[in-house]
Amino acid sequence: MDKQSKVDATYLVGLMSGTSVDGIDAAVVKLFPSAEKEHGVEIELLAFENTPFEVQVRNSIFDLFDPASATIDKVGAMNMWLGELYAQATLSVIGKCGLSPSQIFAVGSHGQTIYHAPEENVMGGYNLHCTVQIGDGAVIANRTGIPCVSDFRVADMAMGGQGAPLVPFTEYLLFNNPEKTLLMQNIGGIGNVTVLPVNASPDEVFAFDTGPGNMIIDGLVSQLFAPMTMDVNGEIGAGGQVIDELLKWMQQDKYYTMPLPKSTGRERFGQQYVAQIIEMMKVNNWKVEDVVATATYLTAWSIVDSYERYIAPQHQAEQLLIGGGGSYNKTLLRDLQHLFAPHNVQVLTQEDIGGNSDAKEAIAFALLAYYTMKRLPNNIPLVTGASQPVVMGKISWPYIGRPQEA
Ligand SMILES: Nc1ncnc2c1ncn2[C@@H]1O[C@H](COP(=O)(O)OP(=O)(O)OP(=O)(O)O)[C@@H](O)[C@H]1O
Ligand SMILES: CC(=O)N[C@H]1[C@@H]2OC[C@@H](O2)[C@@H](O)[C@@H]1O[C@H](C)C(=O)O
């Protein structure tokens with residue numbers, strides 16, 4: 001880093017609580033202009049903290065995924081409650097790296113998605129794509145004294161986009177490689193991939209949700225191995241065999257052949273879907289570890305199938321770089337390595353390249369917020385299907401303004 005970059009460094013906090021509802025990821029990043037790339041930025045991760053949700057919070061969020069139990073009073077209260085928890089997570093992670101809140105330029109908070117409907121929905125003559133993320137930015141701003149950018153996705157939807165995925169914009173900024181075509185694969189609740197062709201320009205980047213990430217595995221484990229909520233390190237799946245009949249049934253979901261751009265969520269692969277699998281398991285007398293092994297294989301298959309169907313015809317990739325909690329599931333990694341071997345695609349995790357699988361999305365929302373604060377566009381229309389670039393995110397200012405800095 002040169003002297004000028006050090007002078008221009010900006011500190012930001014990014015917050016992510018994703019579709020798997022495991023907790024809050026909070027990152028403090030130092031951002032400075034890239035010495036190499038024009039308009040580019042570089043970042044340094046200064047601190048990261050994951051705060052798991054308490055059971056009552058997790059259950060209250062799950063209540064909101066079912067439109068029948070998600071009454072408006074519960075949505076309103078949870079919006080404020082999560083705001084409080086996000087504010088605490090912000091202050092805690094800032095404390096970890098010895099900075100004070102007054103040194104932070106902005107917090108970028110994704111919020112908790114409780115509803116995502118990116119498909120065509122014509123009402124009153126308007127095509128209303130919609131998505132709901134809660135955890136109010138006003139609470140975060142007023143508890144921390146830091147401006148908060150939240151509610152990113154709706155601006156993209158206002159331009160006809162899917163409002164997802166948003167992380168590709170930051171992957172383009174941070175990972176674009178002059179020599180290799182990279183597949184940036186996130187495996188959270190949902191799986192999503194960003195394709196970065198060799199030395200890509202923004203209009204060559206494309207991305208989409210590949211299907212379920214850990215969502216089906218987590219759903220099965222929560223039902224069949226409670227109080228566990230995940231297949232830790234893939235140990236349950238490692239002890240099972242893939243059930244062909246179940247795999248074929250799962251592979252027939254329409255999502256896998258839908259045209260791009262596409263995104264998905266709990267509405268498709270959540271509790272109802274898992275309940276169907278458990279019903280089939282009972283009828284067929286399948287072993288629970290075989291069902292978990294099959295769900296794990298399905299996730300790996302959906303990723304390689306996406307590569308074969310939408311990516312490989314134009315781009316031979318060198319590496320699949322995995323981020324998100326799925327990178328800790330060894331059975332899933334084994335299945336991915338096996339399925340990508342014939343394509344000569346090397347499968348690596350963020351840790352293998354010196355990154356942090358857990359922190360990646362929180363870092364992304366810090367970076368997205370930086371662009372919002374600078375009033376610069378931060379979506380990629382080719383990725384989301386929006387008709388044009390927009391500045392995503394709503395800014396909440398703290399009540400008494402920021403402490404005056406010297
Ligand atoms: N040690 C582990 N072993 C196996 N799986 C793990 C482990 N740690 C995390 N996971 C999986 O990762 C999930 C959390 O991943 P992550 O935090 O990336 O998802 P998310 O951000 O909530 O989802 P999304 O990116 O879809 O919004 C957990 O629910 C679990 O399934
Ligand atoms: C609506 C929503 O919350 N979508 C998430 C989800 O989790 C992964 C995948 O599905 C992706 O589309 C998105 O999140 C990441 C952060 C994104 O927008 O890039």
Peer 1: Distance-only, no hydrogens or angles: does the N378 side chain make a donor-acceptor pair with backbone N or O of M392 under 3.5 Å?
Peer 2: yes

Peer 1: Under 3.5 Å, is there a donor-acceptor pair between the side chain of T331 and the main chain of G234?
Peer 2: yes

Peer 1: Got L367 and Y371 here, is their nearest side-chain heavy-atom distance under 4.5 Å?
Peer 2: yes

Peer 1: More than 12 heavy atoms of other residues, nucleotides or ligands under 6.0 Å from NZ of K287: is that the case?
Peer 2: no

Peer 1: Closer than 3.5 angstrom, by distance alone: can the side chain of N233 be matched with the main-chain N or O of E235 as a donor-acceptor pair?
Peer 2: no

Peer 1: Please determine whether the number of non-hydrogen atoms from other residues, nucleotides or ligands lying under 6.0 Å from atom CD of Q241 exceeds 12.
Peer 2: no

Peer 1: Would you mind reporting whether M281 and D290 have side-chain heavy atoms less than 4.5 Å apart?
Peer 2: no

Peer 1: Atom CD of Q350 and atom CG of L321: how far apart are they, to the nearest 0.5 Å?
Peer 2: 6.5 Å

Peer 1: Can you measure from CG (L85) to OG (S17) and round to the nearest 0.5 angstrom?
Peer 2: 9.5 Å

Peer 1: On the 0 to 90° scale, with breaks at 30° and 60°, tag the H315-F206 ring pair as parallel, tilted or perpendicular.
Peer 2: tilted

Peer 1: For the atom pair CD1 (I380) and CG (D156), what is the distance rounded to the nearest 0.5 Å?
Peer 2: 10.5 Å

Peer 1: Is the gap between the ring centers of F65 and F62 under 6.0 Å?
Peer 2: yes

Peer 1: Side chains of Y256 and L298: closer than 4.5 Å at any heavy-atom pair?
Peer 2: yes

Peer 1: To the nearest 0.5 Å, how far apart are CD1 in I353 and CZ in F175?
Peer 2: 5.0 Å

Peer 1: Is there a side-chain contact between V232 and Y328, using heavy atoms and a 4.5 Å cut-off?
Peer 2: no

Peer 1: Counting only heavy atoms not in Q314, do more than 12 fall under 6.0 Å of its CD?
Peer 2: yes

Peer 1: Take a 6.0 Å sphere around OH of Y255 and say whether it holds more than 12 heavy atoms from other residues, nucleotides or ligands.
Peer 2: yes

Peer 1: Measure the CD1-CD distance between I236 and E289 for me, rounded to the nearest 0.5 Å.
Peer 2: 8.5 Å

Peer 1: If we ignore angles and hydrogens, is there a donor and acceptor under 3.5 Å between the side chains of H116 and R266?
Peer 2: no

Peer 1: Compare all side-chain heavy atoms of V193 with those of F208 and state whether any distance is below 4.5 angstrom.
Peer 2: yes

Peer 1: Any side-chain heavy atom of T144 within less than 4.5 Å of one from I94?
Peer 2: no

Peer 1: Return yes when atom CD of E308 has more than 12 non-hydrogen atoms of other residues, nucleotides or ligands closer than 6.0 Å, and no otherwise.
Peer 2: yes

Peer 1: I'd like to check Y273 versus D253 (side-chain heavy atoms, cut-off strictly below 4.5 Å). Are they in contact?
Peer 2: yes

